[in-house]
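First comes the structure, then the notes that go with it.
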There are 2 protein chains.
Amino acid sequence: MVTLAEVAQHAGVSASTVSYVLSGKRSISTTTRQRVEQSIRELGYHPNAGARALASNRSNIIALMVPLRTDMYVPVMMEIAIAVATTARTHGYDVLLLTGEEGPDAVRRVTGSGLADAMILMDVELDDERLPLLRGTDQPSVLIGLPADTTGLTCVDLDFRATGALCVEHLAMLGHRDIAVIGEAPAVYERHTGFAERTLDGLRSRAQELGVRLLHRPCEGGYDAMALTLARILDERPGTTGFVVQNESAVEPLLALLRQQGRAVPEDVSVVAVCPEQVAVQASVRLTSVAIPAQEMGRHAVERLVAKLDGRGADEVVLISPELTVRASTGPAPSRTT
Amino acid sequence: MVTLAEVAQHAGVSASTVSYVLSGKRSISTTTRQRVEQSIRELGYHPNAGARALASNRSNIIALMVPLRTDMYVPVMMEIAIAVATTARTHGYDVLLLTGEEGPDAVRRVTGSGLADAMILMDVELDDERLPLLRGTDQPSVLIGLPADTTGLTCVDLDFRATGALCVEHLAMLGHRDIAVIGEAPAVYERHTGFAERTLDGLRSRAQELGVRLLHRPCEGGYDAMALTLARILDERPGTTGFVVQNESAVEPLLALLRQQGRAVPEDVSVVAVCPEQVAVQASVRLTSVAIPAQEMGRHAVERLVAKLDGRGADEVVLISPELTVRASTGPAPSRTT
DNA sequence: ATAGGCTGTCGAAGCGCTTCGACAGCCTCT
DNA sequence: AGAGGCTGTCGAAGCGCTTCGACAGCCTAT
């Protein structure tokens, strides 16, 4: 293993000079710098992470806490995680992967041990038990998701309230008067996951403003669950012509069921999905959808975090504006000649 | 920040004693140990990771390199990643998330800096450019996936060759004589990803042994691509009654298309999938499938790695035996009364 | 010509921990 | 009763790096 001291000796300078070449924290003459850089290359030197962390009190690691549950919007999680890792690297940080399993203890452990300089939390509940810990430490953090009380916190999320509103609006403009919302699994609502409740909120209030009837039904993913849910919806509101789906694993089943029942999309019923772009495009009907900008969220989170670590930027809530892309699954409501 | 020295002082012992209490590397009297543990709790002491890494030359971190591509079998990746993180924690390790982006450089960086004690690589290609580096270092590593040459490497993977064989076997037993294989996207084969080629291998050789005709077609995910692929298959081999699908995002489209064409599953055609359990169960027809044991793979990988780190266990290739679960998508081939 | 200010480099102190050798005190065996 | 062996504890020496203060040498302004 090559050490700083060896590089220094090889270049004929002192250790501190090498250190300053590396960090750029003091000016170094061009000739010296080049000599040092040359030695570094020749010897294949890599600074020791532990020593660096100890001396500088900075690990250059960002902790990312992902939910343990693998049953929900998994591709989105993965995309965010990868965006976080990629973006972090461009700022010189590595990413430590924590699962939600340890819960608040993980926060304590990481904060206490100096393992990471900062944290990003995903899958935040409205009243998350990790929040007090975050507020009580001076370690910077960013949430992906929006808790009930955001004071003293930095959050990044899609504006799900606006997303809900946008979906209703689109359907209402097309003349739909009876709209059903296929939501996430009941457990998601019971856990008070912010995004689900906020979407619902947006849907409801905009529906009311526009005088549109709304029926919301949570739904586990999968074909069987969707079949049941759909039957119940059409039973209660036979006149339903618009659907908003916020559950990736219900999308394809819904389309299949509608087809099977002889309801044409978009002639008879319209479907709007809240899902990643890829799902919308690959579905059996190209879906009008509001995309979940996973990459953007991951990138934003890291950038806020790095800003905080550099002493720039304060607490702040960043809500990304939803964008609805019209594709082949929505159209004018059928005329009500019944 | 509380340090070891402070704990020592508080407990009235020397720093080394506290260290030995923590590591258990020397025997400590019960009374002393309890006093120290008490102090640790009272002061809320957490060992500093950097200092520890520096002094012991061990970071207690495992690096996990996941593919950057988010276009392929994503849920499987995520499940493996989470299993790795969870299992690692039970052995006292944390997980550093690296993306494939940096490629071989990431290996160099991590090895050189002592950031991690060991690595797990996913998405291994048959002739992966990272392999020489791994062989050239004494840092333990485990591959999830199987390269062409495994000498000097430890690998964990599903036995995809046996998986292919198993699928053909099952269909053949049921009397199917013309089988079509819907494979991963062409890019996957072009990249020479081991698992895809090995599955194909298993399929082909068993098919030959059993005197069954096999047609293999790569397929991008999604509805449109699947429609094209299916049309071509039925054109070339109208008598096809058995399908093997190895591409999660082709499963549902295939089922929908078959339904649409009036081919009943499993009465007219049988479908076997190679996919995670969840996909098989949630599909519109409960699929006979060989599960991809993501969790098990992640767990195994970590356990092998920890064994190596502890000086136990040598290089070894662990192939997990595939298990085929019969569900509702396969049945006897229709009698050939035409 | 000299004071004062830059620039570029160095030496040394220390970050918080692990680990090695030393050794005091006690027990057991002869 | 004394030698030898355990057991439990301590002190000190680093691990490889960052960073602070010091200072030599040079340039500019008076």
Side-chain angles (χ1 to χ4, degrees), chain A residues 1-37 39-40 43-61 92 94 109-117 309, chain B residues 1-37 39-40 43-61 92 94 109-117 309:
Chain A
M1 185 192 199
V2 190
T3 71
L4 225 212
E6 290 170 338
V7 173
Q9 192 176 10
H10 186 270
V13 298
S14 76
S16 46
T17 300
V18 177
S19 178
Y20 286 124
V21 167
L22 251 30
S23 70
K25 292 193 179 172
R26 285 204 182 169
S27 56
I28 297 287
S29 70
T30 317
T31 58
T32 306
R33 187 194 348 278
Q34 287 174 346
R35 204 141 34 87
V36 170
E37 283 165 352
S39 298
I40 288 178
L43 301 178
Y45 169 70
H46 283 273
N48 178 300
R52 201 166 238 199
L54 177 57
S56 67
N57 212 14
R58 284 289 214 112
S59 64
N60 284 300
I61 288 180
D94 270 297
R109 193 166 60 84
V110 168
T111 312
S113 67
L115 232 188
D117 298 333
L309 283 166
Chain B
M1 188 195 193
V2 191
T3 69
L4 224 212
E6 289 169 342
V7 173
Q9 192 174 12
H10 186 271
V13 298
S14 76
S16 45
T17 301
V18 177
S19 178
Y20 287 123
V21 167
L22 250 33
S23 69
K25 291 194 179 171
R26 284 202 182 174
S27 57
I28 298 287
S29 70
T30 318
T31 59
T32 306
R33 188 199 342 280
Q34 287 174 348
R35 204 142 34 86
V36 170
E37 281 166 353
S39 298
I40 288 178
L43 301 179
Y45 168 72
H46 282 272
N48 178 299
R52 203 167 236 200
L54 177 56
S56 66
N57 210 15
R58 284 285 216 115
S59 64
N60 284 301
I61 289 180
D94 271 297
R109 194 166 59 84
V110 168
T111 313
S113 67
L115 233 188
D117 298 332
L309 284 166

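Each chain gets a letter, A, B and so on, in the order its sequence line appears, and its residues count up from 1.
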Listing, residues 12-19 of chain B side-chain donor-acceptor contacts under 3.5 Å, not counting sequence neighbours, or none:
{"from": "B:S14", "atom 1": "OG", "to": "B:S16", "atom 2": "OG", "distance (Å)": "3.0"}
{"from": "B:S14", "atom 1": "OG", "to": "B:T17", "atom 2": "N", "distance (Å)": "3.4"}
{"from": "B:S14", "atom 1": "OG", "to": "B:T17", "atom 2": "OG1", "distance (Å)": "3.2"}

inquiry  = Looking at every non-hydrogen atom in both residues, tell me the closest pair between A:L54 and B:A51 and how far apart they are.
reply    = CD1-CB, 3.6 Å

With sequence neighbours left out, write down each residue that passes side-chain hydrogen bond (donor to acceptor under 3.5 Å, both in side chains) with [X], or none if nothing qualifies.
| X | value |
| --- | --- |
| A:N60 | none |
| A:R109 | A:E102, B:D94 |
| B:T111 | B:Q139 |

For residues 2-11 of chain A, which side-chain N or O atoms pair as donor and acceptor with protein atoms under 3.5 Å away, sequence neighbours left out?
{"from": "A:T3", "atom 1": "OG1", "to": "A:A5", "atom 2": "N", "distance (Å)": "3.4"}
{"from": "A:T3", "atom 1": "OG1", "to": "A:E6", "atom 2": "N", "distance (Å)": "3.3"}
{"from": "A:E6", "atom 1": "OE1", "to": "A:T3", "atom 2": "N", "distance (Å)": "2.9"}
{"from": "A:H10", "atom 1": "ND1", "to": "A:S39", "atom 2": "OG", "distance (Å)": "2.8"}
{"from": "A:H10", "atom 1": "NE2", "to": "A:E42", "atom 2": "OE1", "distance (Å)": "3.4"}

query = Considering only heavy atoms, which members of residues 17-28 of chain A lie under 4.0 Å from some atom of DNA chain C?
reply = A:T17, A:Y20, A:R26, A:S27, A:I28

task = Kindly state which residues belonging to residues 43-58 of chain A come within less than 4.0 angstrom of DNA chain C, counting heavy atoms of the residue only, listed by number.
result = A:L54, A:A55

inquiry  = Taking A:L115's backbone N and O only, do any of them form a donor-acceptor pair with A:S59's side chain (distance below 3.5 Å, no angle check)?
reply    = yes

5' to 3' contact window, DNA chain C with chain A (heavy-atom distance under 4.0 Å) = C:dG8 to C:dG16

query = In Å, rounded to the nearest 0.5 Å, how long is the span from OG1 of A:T32 to CD of A:E37?
reply = 10.5 Å

ask   = When rounded to the nearest 0.5 angstrom, what distance separates OG in A:S29 from CD in A:Q34?
value = 9.0 Å

message = Between A:I40 and A:L22, does the side-chain contact (heavy atoms from CB on, under 4.5 Å) criterion hold? Intermediate values first, please.
response = CA-CA 10 Å; A:I40 288 178; A:L22 251 30; 3.5 Å; yes

ask   = When the C1' atoms of the five terminal pairs at each end define the local axes, what inter-axis angle does the helix from C:dA1-D:dT30 to C:dT30-D:dA1 show, to 10 degrees?
value = 40°

query = Any side-chain hydrogen bond (donor to acceptor under 3.5 Å, both in side chains) pairs touching residues 46-58 of chain A, not counting sequence neighbours?
reply = A:R58-A:Y93

query = Heavy-atom contacts under 4.0 Å between residues 1-14 of chain A and DNA chain D, which residues?
reply = A:T3, A:L4

